[in-house]
Amino acid sequence: MDALPSSPLGWVCTGVTVLFGVTMLCMAKRSLAEKVNLLLWSLLPPLLGLLCVDMLGAAGGLGVFCTLSLVSCVYLGGRALLPVGDKAVLITGSDTGIGHALAKYLDKLGFVVFAGVLDKDGPGAEELRRTCSRRLSLLQMDITNTTQVKEAYLQVSEKVQNTGLWGVVNNAGILGFPADGELLPMSTYRRCMEVNFFGAVEVSKTFLPLLRKSRGRLVNVSSMAGGIPLPRYAAYGASKAALSMFSGVMRQELSKWGIKVAAIHPSGFRTGIQGTSELWDKQEKELVENLPADTRQDYGEDYLLGLKTCLLHMPTYCAADLSPVLSAILHALLAKRPHGLYTPGKGAYLTLCIFCYFPLWFYDFFMSKMLSTDSVPRALRTSEAESKKP
Ligand SMILES: NC(=O)c1ccc[n+]([C@@H]2O[C@H](COP(=O)([O-])OP(=O)(O)OC[C@H]3O[C@@H](n4cnc5c(N)ncnc54)[C@H](OP(=O)(O)O)[C@@H]3O)[C@@H](O)[C@H]2O)c1
Ligand SMILES: *[C@@H]1O[C@H](CO)[C@@H](O)[C@H](O)[C@H]1NC(C)=O
Ligand SMILES: *[C@@H]1O[C@H](CO)[C@@H](O)[C@H](O)[C@H]1NC(C)=O
């Protein structure tokens with residue numbers, strides 16, 4: 001078979017394909033990787049079709065060509081982003097971390113940003129006030145405080161009367177002190193549920209009337225820990241699992257209103273969530289004080305004090321560049337067909353795959369190897385040592 005199309009039809013198809021590819025390439029304003037990906041998707045299917053024109057003859061080949069071109073158009077159409085225009089987006093927890101970076105990022109892109117903050121006089125709010133455009137409004141919004149959520153709703157609905165609210169990003173969240181579930185105080189479980197679950201539910205319920213008007217987007221920043229079991233994250237993981245399930249049900253229920261719901265499960269980004277050593281000292285003290293004497297005895301002082309070291313090491317293997325999370329959230333807000341789940345961050349996808357496609361015992365084994373630490377509770381250490389004695 002020669003490299004060039006042998007029939008006039010082949011030439012027409014080649015022309016259409018090249019035109020299509022060049023158009024797609026000009027439309028992509030992004031990175032090189034993005035351009036290559038786009039080029040592959042826009043050119044490969046029609047080129048395959050073209051080959052078929054040569055091999056199957058005009059009628060069969062033309063059928064394959066059209067089908068494959070249609071597939072790539074549909075795929076690329078789904079990737080297309082809606083214009084920013086004057087879309088308004090509410091973000092909770094914009095004091096630090098992902099929420100803070102997202103507020104700046106969306107402001108720069110031209111969105112009308114409502115940045116909910118836990119402390120309107122804090123340094124995070126101050127920074128947003130200083131660096132962002134006049135479009136951005138700061139809202140005092142502790143998501144566990146019904147009064148503040150209601151007040152924020154009144155402010156937002158007054159400002160967006162004509163245009164509506166396009167998106168709500170439920171980002172605010174807390175980690176709590178990571179420790180064995182047996183050791184965590186009830187207050188940690190309650191606090192995690194309060195912020196990560198009830199807070200997000202209240203925000204969503206309050207703002208849904210505005211979203212229904214705009215047929216907009218609801219985006220939840222949940223966590224991998226809410227989808228798969230991770231040691232030491234019993235309280236945090238359970239609260240995020242509740243949020244993820246809520247999100248899933250909302251996705252089903254809200255589609256009839258034209259609202260699209262997406263969940264983001266970031267993993268391993270360096271933000272305020274890793275806390276400070278003063279905060280961990282305080283939480284460690286609370287944990288130790290609430291333990292029954294024999295539990296404390298069994299785990300041993302050095303095991304308990306060692307819990308903190310994994311937190312202190314966390315920032316070293318967390319990524320400082322938040323842009324993968326920001327692009328995922330932007331896609332969830334603007335893509336014509338957003339995905340239900342985004343997993344930005346290294347390792348997140350692999351772990352999820354192992355959990356989904358392998359037997360549970362293998363997943364548990366994998367995690368125990370991945371997260372193995374030197375620390376062993378005292379009671380186990382001594383019995384191990386004893387069993388080694390002849
Ligand atoms: N970083 C990661 O790798 C990672 C991984 C998985 C999931 N996530 C999720 O991503 C989201 C953002 O976390 P982040 O990493 O950006 O952490 P972050 O820097 O701690 O951001 C969370 C923000 O929420 C605020 N907040 C806490 N309680 C609140 C409340 N009751 N009302 C309103 N705001 C409240 C915090 O304010 P203060 O700073 O004043 O406390 C903080 O600004 C969280 O939902 C988290 O679970 C992050
Ligand atoms: C909730 O917010 C209101 C208004 O800012 C404040 O007066 C009240 O003390 C807060 N309630 C709690 C429980 O923090
Ligand atoms: C979280 O996300 C889901 C969709 O992902 C959304 O329907 C829900 O309202 C959001 N809030 C909570 C608390 O789940």
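Every number for a ligand or one of its atoms is a count from 1 in the order of the listing. Just so it is clear, the model here is predicted, and its values are computed rather than measured.
- Ranking protein heavy atoms by distance to atom 42 (C) of ligand 1, first place goes to Thr96 OG1, 3.2 Å.
- Counting atoms of ligand 1 from 1 in the listed order, those under 4.0 Å from a heavy atom of Gly268 are 3 (O).
- None of Asn196, Ile174, Leu230, Thr188 except one satisfies the side chain to side chain contact (heavy atoms under 4.5 Å, CB included) rule with Tyr236; the exception is Asn196.
- In terms of protein heavy-atom proximity, atom 3 (O) of ligand 1 is closest to Phe269 N, 2.7 Å.
- A salt bridge does not link Glu202 to Lys205: none of the charged nitrogens lies less than 4.0 Å from a carboxylate oxygen.
- Ligand 1 lies within reach of Asp142, whose nearest heavy atom is under 4.0 Å from it.
- In terms of polar-atom proximity, Ser94 is not counted as a contact of ligand 1, lacking any N or O under 3.5 Å from an N or O of the ligand.
- The nearest heavy-atom contact from the protein to atom 6 (C) of ligand 2 is Asn145 ND2, 4.2 Å.
- For the salt bridge (charged side-chain N to carboxylate O under 4.0 Å, His left out) test with Asp302, the passing option among Arg378, Arg381, Arg296 is Arg381; the others fail.
- For atom 14 (O) of ligand 2, the nearest protein heavy atom lies under 4.0 Å away.
- Atoms of ligand 1 lying under 4.0 Å from any heavy atom of Gly97, numbered from 1 in the order shown and given with element: 16 (O), 19 (O).
- Relative orientation of the Tyr299 and Tyr303 rings is tilted, given thresholds of 30° and 60° on the angle between their planes.
- Not one N or O on the side chain of Ser239 forms a donor-acceptor pair closer than 3.5 Å with the backbone of Phe197.
- Asn171 OD1, 3.0 Å is the protein heavy atom nearest to atom 12 (C) of ligand 1.
- Residue-ligand proximity, Pro266 to ligand 1, at heavy-atom distances under 4.0 Å covers atoms 5 (C), 6 (C), 7 (C), 8 (N), 48 (C).
- Here the heavy atom of the protein found nearest to atom 14 (P) of ligand 1 is Thr271 OG1, 3.3 Å.
- Ligand 1 has at least one atom lying under 4.0 Å from a heavy atom of Ser222.
- The nearest heavy-atom contact from the protein to atom 47 (O) of ligand 1 is Tyr236 OH, 2.6 Å.
- Of the possible donor and acceptor atoms, none in the side chain of Gln155 sits under 3.5 Å from a partner among the backbone N and O of Leu139.
- Between the Arg251 side chain and the Val261 main chain, no donor and acceptor come within less than 3.5 Å of each other.
- At least one heavy atom of Ser267 sits closer than 4.0 Å to an atom of ligand 1.
- For Asp107 (side chain) and Ala103 (main-chain N/O), no donor-acceptor pair under 3.5 Å exists by modelled atom type.
- A donor-acceptor pair under 3.5 Å is absent between the side-chain atoms of Asp180 and the main chain of Glu182, judged by distance alone.
- For ligand 1, the atoms closer than 4.0 angstrom to any heavy atom of Met141 are 32 (N), 33 (C).
- Comparing Gly99, Ala172, Cys318, Ala101 against atom 24 (O) of ligand 1, the shortest heavy-atom distance belongs to Ala172.
- Here the protein heavy atom with the shortest distance to atom 32 (N) of ligand 1 is Ile143 N, 2.9 Å.
- By the 4.0 Å N-to-carboxylate-O rule, Asp321 lies too far from Arg270 to be salt-bridged with it.
- In this structure, Thr92 falls outside the shell of residues with a heavy atom less than 4.0 angstrom from ligand 1.
- Nearest-residue assignment for atom 37 (O) of ligand 1 (options Val195, Leu118, Leu102; heavy-atom criterion): Leu118.
- Using a cut-off of 4.0 Å between Lys/Arg side-chain N and Asp/Glu carboxylate O, Glu126 and Arg129 are scored as salt-bridged.
- The nearest non-hydrogen atom to atom 27 (C) of ligand 1, considering only Thr144, Asn145, Ile273, Ile174, comes from Ile174.
- The closest approach between any non-hydrogen atom of Lys240 and ligand 1 is below 4.0 Å.
- Protein heavy atom nearest atom 16 (O) of ligand 1, with residue, atom name and distance: Ile98 N, 2.7 Å.
- Residue Ser223 has at least one heavy-atom neighbour below 4.0 Å for each of these atoms of ligand 1: 6 (C), 7 (C).
- Heavy atoms of His265 found under 4.0 angstrom from ligand 1: none, in either backbone or side chain.
- The nearest heavy-atom contact from the protein to atom 5 (O) of ligand 2 is Gln148 NE2, 3.3 Å.
- For atom 22 (C) of ligand 1, the closest non-hydrogen atom of the protein is Gly173 O, 3.6 Å.
- The shortest N or O to N or O distance between Met224 and ligand 1 is not under 3.5 Å.
- The distance between the ring centers of Tyr363 and Phe358 does not fall below 6.0 angstrom.
- A donor-acceptor contact shorter than 3.5 Å links the side chain of His100 to the backbone of Asp95.
- Of all atoms in ligand 1, numbered sequentially from 1 with element shown, those under 4.0 Å from a heavy atom of Val221 are 9 (C), 10 (O), 11 (C), 45 (O).
- Listed for the Trp166 side chain is a donor-acceptor partner under 3.5 Å among the backbone atoms of Leu333.
- Two rings, from Tyr342 and His331, have their centers less than 6.0 Å apart.
- Under a 3.5 Å cut-off, the side chain of Thr92 and the backbone N or O of Gly116 do not form any donor-acceptor pair.
- Atoms of ligand 1 found under 4.0 Å from any heavy atom of Asp95, numbered from 1 in the order shown, are 37 (O), 43 (O).
- Only one option out of Leu136, Leu330, Ile91 pairs with Phe111 in a side chain to side chain contact (heavy atoms under 4.5 Å, CB included); it is Leu330.
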